[in-house]
A.B. asks: 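Let me begin by handing over the structure; questions about it come next.
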Amino acid sequence: MTPPGGSGPGKKLWLVAGAAVVAAGVTVAAVAIAMRGDSSGQASEAAGGASSSTQPAGVPADTTTSAGLAPGLNREVLAQLLLPVEDLNAALGAVLEIDGRGTELVEGTADRSLRGGKPVNDCGTAPTPGLRVDGYEGAGVTGVEFQSAVDRGRGSRAIQVLTTFRDEQKAQEFFAAQSEMWEKCAKGGWEIRLTAPGGATTGWFPGPAEKDMPDVLSISLHTFPEEGRGTLNCHHSLAVRRNIGIDIQTCGYYDEGLQAPALAAKIAERIPSAK
């Protein structure tokens with residue numbers, strides 16, 4: 001499922017991730033970050049029927065990304081590894097519907113600053129999943145699968161971005177680099193500014209970056225309280241398994257914003273071990 005207007009050639013999907021927008025008569029806390037859509041204009045439906053408790057049907061146990069590289073899973077498996085919306089609803093206690101899909105990274109920039117200070121561009125992907133600039137760009141990514149889902153009544157949201165890297169070493173290097181950037185970005189009470197193409201910005205205030213569970217890096221983020229809605233709370237988690245990157249964020253005005261680490265671990269469990 002894609003947003004109104006589709007995602008055909010020349011069009012863009014828009015990820016709603018944090019300024020006020022009106023959706024179905026409800027004000028949802030969000031910032032628009034541009035994402036180039038799937039150039040084929042077709043959204044894969046492979047993830048819809050996949051079970052989260054077993055290896056998804058059709059996912060090969062061991063393939064190669066290209067000749068000469070260490071064994072890894074190829075980009076075609078990513079759509080099958082996405083958690084289906086039923087699993088997201090069960091975890092978040094929400095009624096989510098898919099409102100965005102694509103196969104390219106998210107466009108936008110992030111920096112942090114103290115009030116009146118000079119911005120520093122060292123946050124990496126901390127504010128939102130799949131951020132290309134200062135994040136995935138140059139990291140050896142060979143494939144991307146993006147999906148966002150929203151509960152328009154509660155304002156809850158879940159974003160999944162799965163990536164393949166050229167090999168396992170590239171995936172581990174990316175994880176190590178982002179761990180360092182997230183930890184630095186979260187220190188000192190700085191505000192993170194997320195800027196979309198066109199100039200729209202949203203401020204996020206981070207909690208500490210930490211390992212919620214082995215091999216899952218997480219950071220909590222929140223906005224200023226909104227009139228009538230309170231504070232939007234998000235949890236952003238990053239993990240890698242083999243040559244697959246798992247980048248997921250959950251947001252909400254209630255406890256559903258805290259589910260990202262468990263969901264990232266659940267996706268990791270779906271990735272078969274190398275032979």
Side-chain angles (χ1 to χ4, degrees), residues 17-18 29 31 33 52 83 87-88 91-94 106 108-114 119-131 134-136 139 148 156-163 165 168-194 202-225 230-242 244-271:
V31 182
I33 298 296
S52 62
L83 292 177
D87 284 25
L88 300 175
L92 274 63
V106 173
T109 58
D111 58 53
R112 65 188 179 106
S113 64
L114 294 172
V120 179
N121 299 312
D122 63 356
C123 287
T125 63
T128 193
L131 197 61
D134 297 324
Y136 286 85
S148 66
S156 308
R157 177 168 289 280
I159 301 166
Q160 302 178 73
V161 179
L162 303 183
T163 51
F165 291 84
E168 293 185 27
Q169 181 178 342
K170 283 293 185 183
Q172 291 295 335
E173 289 174 353
F174 173 76
F175 183 77
Q178 290 302 313
S179 296
E180 182 177 338
M181 296 177 81
W182 287 28
E183 290 168 7
K184 183 184 297 184
C185 192
K187 291 180 179 178
W190 293 44
E191 179 185 12
I192 301 175
R193 302 294 295 181
L194 186 61
T202 295
W204 292 97
F205 298 91
E210 54 193 3
K211 296 283 181 67
D212 295 88
M213 54 189 68
D215 303 320
V216 179
L217 174 69
S218 295
I219 188 170
S220 57
L221 303 150
H222 67 272
T223 61
F224 279 123
T231 298
L232 180 67
N233 299 299
C234 296
H235 216 168
H236 183 187
S237 294
L238 180 70
V240 295
R241 182 166 181 183
R242 297 183 64 186
I244 303 290
I246 303 164
D247 200 352
I248 187 166
Q249 187 176 60
T250 55
C251 297
Y253 296 92
Y254 308 97
D255 291 341
E256 66 267 45
L258 306 178
Q259 303 304 315
L263 293 173
K266 197 168 189 177
I267 294 174
E269 291 172 359
R270 294 160 59 83
I271 299 172

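A quick note: this is a predicted structure, and the numbers were derived from the prediction, not measured. Positions are given from 1, in the same order as the sequence printed here.
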A.B. asks: Looking only at non-hydrogen atoms, find the nearest pair between Asn233 and His222 and report the distance.
C.D. replies: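 Looking at all heavy atoms of both residues, the shortest contact is OD1-CB, 3.6 Å.
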A.B. asks: Please name all residues satisfying side chain to side chain donor-acceptor pair (under 3.5 Å) with Gln169, sequence neighbours left out, ordered by chain then number.
C.D. replies: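 Side chain to side chain donor-acceptor pair (under 3.5 Å) list for Gln169, sorted by chain: Glu173.
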A.B. asks: Which of these, Thr250, Asp247, Thr128, sits in a side chain to side chain donor-acceptor pair (under 3.5 Å) with His236?
C.D. replies: Asp247
A.B. asks: Looking at CD1 of Ile248 and CG of Leu263, how far apart are the two atoms once the value is rounded to the nearest 0.5 Å?
C.D. replies: 4.5 Å
A.B. asks: Quick check: does any side chain N or O of Gln160 sit under 3.5 Å from a backbone N or O of Leu83, one acting as donor and the other as acceptor?
C.D. replies: yes
A.B. asks: Write down the atom of Ser218, the atom of Pro261, and the distance for their closest heavy-atom approach.
C.D. replies: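 It is OG-CG, 3.4 Å.
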A.B. asks: Taking all non-hydrogen atoms of both residues into account, name the closest pair between Cys123 and Ile192 and its distance.
C.D. replies: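 Heavy atoms of Cys123 and Ile192 come nearest at SG-CG1, 4.2 Å.
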A.B. asks: What pair of heavy atoms forms the shortest contact from Leu162 to Ile246, and how long is it?
C.D. replies: CD2-CA, 3.9 Å
A.B. asks: Under 4.5 Å between any side-chain heavy atoms of Leu217 and Phe175, yes or no?
C.D. replies: yes
A.B. asks: With sequence neighbours left out, what residues match Gln172 under side-chain contact (heavy atoms from CB on, under 4.5 Å)?
C.D. replies: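 Gln172: side-chain contact (heavy atoms from CB on, under 4.5 Å) contacts with Val240.
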A.B. asks: Would you say Arg241's side chain and Ile271's backbone share a donor-acceptor pair under 3.5 angstrom?
C.D. replies: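 Indeed, once roles are kept as given, a pair shorter than 3.5 Å links the two residues.
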A.B. asks: Under the side chain to side chain donor-acceptor pair (under 3.5 Å) rule, collect the residues that match up with Gln178, sequence neighbours excluded.
C.D. replies: Thr125, Trp182
A.B. asks: I'd like to check the ring-ring contact (aromatic ring centres under 6.0 Å, His included) partners of Phe174; sequence neighbours left out, ordered by chain and number.
C.D. replies: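 Scan of Phe174 (ring-ring contact (aromatic ring centres under 6.0 Å, His included), adjacent residues dropped) gives Tyr136, Phe165.
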A.B. asks: Which heavy atom in Leu131 sits nearest to a heavy atom in Gly108, and how many Å separate them?
C.D. replies: CD1-O, 3.6 Å
